[in-house]
Amino acid sequence: MNQQMFESMGRFRQKVIRLVIVEKKSIYETAIACGCTAEKVKRVLKKWKALSRNQAVSLPPEE
């Protein structure tokens, strides 16, 4: 997980990502814990995956 990209996100998104990816909670458990809908959790995860993918593509190859 890219710490700099993680810290640039808001507190809500950080909480969602921490619960789903780090603590391996389900989307529905995360939605209940955050007080939002499962659709909102899915949108946050979709954005996180897109940002992670773009970050991996833009990094120079390691030697």
Side-chain angles (χ1 to χ4, degrees):
M1 181 181 335
N2 187 340
Q3 191 64 27
Q4 183 181 10
M5 187 171 49
F6 181 73
E7 289 173 357
S8 69
M9 297 184 137
R11 285 178 40 201
F12 175 76
R13 287 185 175 152
Q14 286 180 4
K15 183 176 182 181
V16 169
I17 292 165
R18 185 173 13 89
L19 286 170
V20 173
I21 295 175
V22 177
E23 297 182 15
K24 309 250 188 270
K25 299 284 184 182
S26 73
I27 291 173
Y28 302 107
E29 289 175 322
T30 302
I32 291 169
C34 293
C36 65
T37 64
E39 291 301 318
K40 190 168 184 177
V41 172
K42 289 177 186 178
R43 285 194 305 265
V44 169
L45 290 175
K46 185 176 179 181
K47 181 172 182 159
W48 171 257
K49 288 178 183 177
L51 287 173
S52 297
R53 205 169 330 139
N54 289 339
Q55 182 70 20
V57 170
S58 66
L59 289 176
E62 295 180 15
E63 295 181 13

| request: Mark yes when over 12 heavy atoms from residues, nucleotides or ligands other than Tyr28 sit less than 6.0 Å from its OH; otherwise mark no. | output: no

| query | Under the side-chain contact (heavy atoms from CB on, under 4.5 Å) criterion, do Trp48 and Val16 qualify, and how do the steps go? | reply | CA-CA 10 Å; Trp48 171 257; Val16 169; over 6 Å; no

| remark: The salt bridge (Lys or Arg N to Asp or Glu O under 4.0 Å) partners of Lys42 (sequence neighbours excluded) come to Glu39

| query | Where is the tightest heavy-atom contact between Leu19 and Cys34, given as atom of each residue plus distance? | reply | CD1-SG, 3.9 Å

| Phe12-Val20 co-clustered via ILVMFWY side chain contacts under 4.5 Å | yes

| task | Using side-chain contact (heavy atoms from CB on, under 4.5 Å) as the criterion, list what pairs up with Lys49, not counting sequence neighbours. | result | Arg53

| query | What is the distance from atom CD of Glu29 to atom NZ of Lys24, rounded to the nearest 0.5 Å? | reply | 13.5 Å

| said: Using every non-hydrogen atom in the two residues, find where Met9 and Arg13 come nearest and quote the distance to one decimal. | reply: CB-CB, 4.1 Å

| said: Quick check: closest heavy atoms across Ala31 and Ala38, and the distance to 0.1 Å? | reply: CB-N, 3.8 Å

| said: Just verifying a value: how many Å separate Leu51 CG and Ile17 CD1, rounded to the nearest 0.5 Å? | reply: 8.0 Å

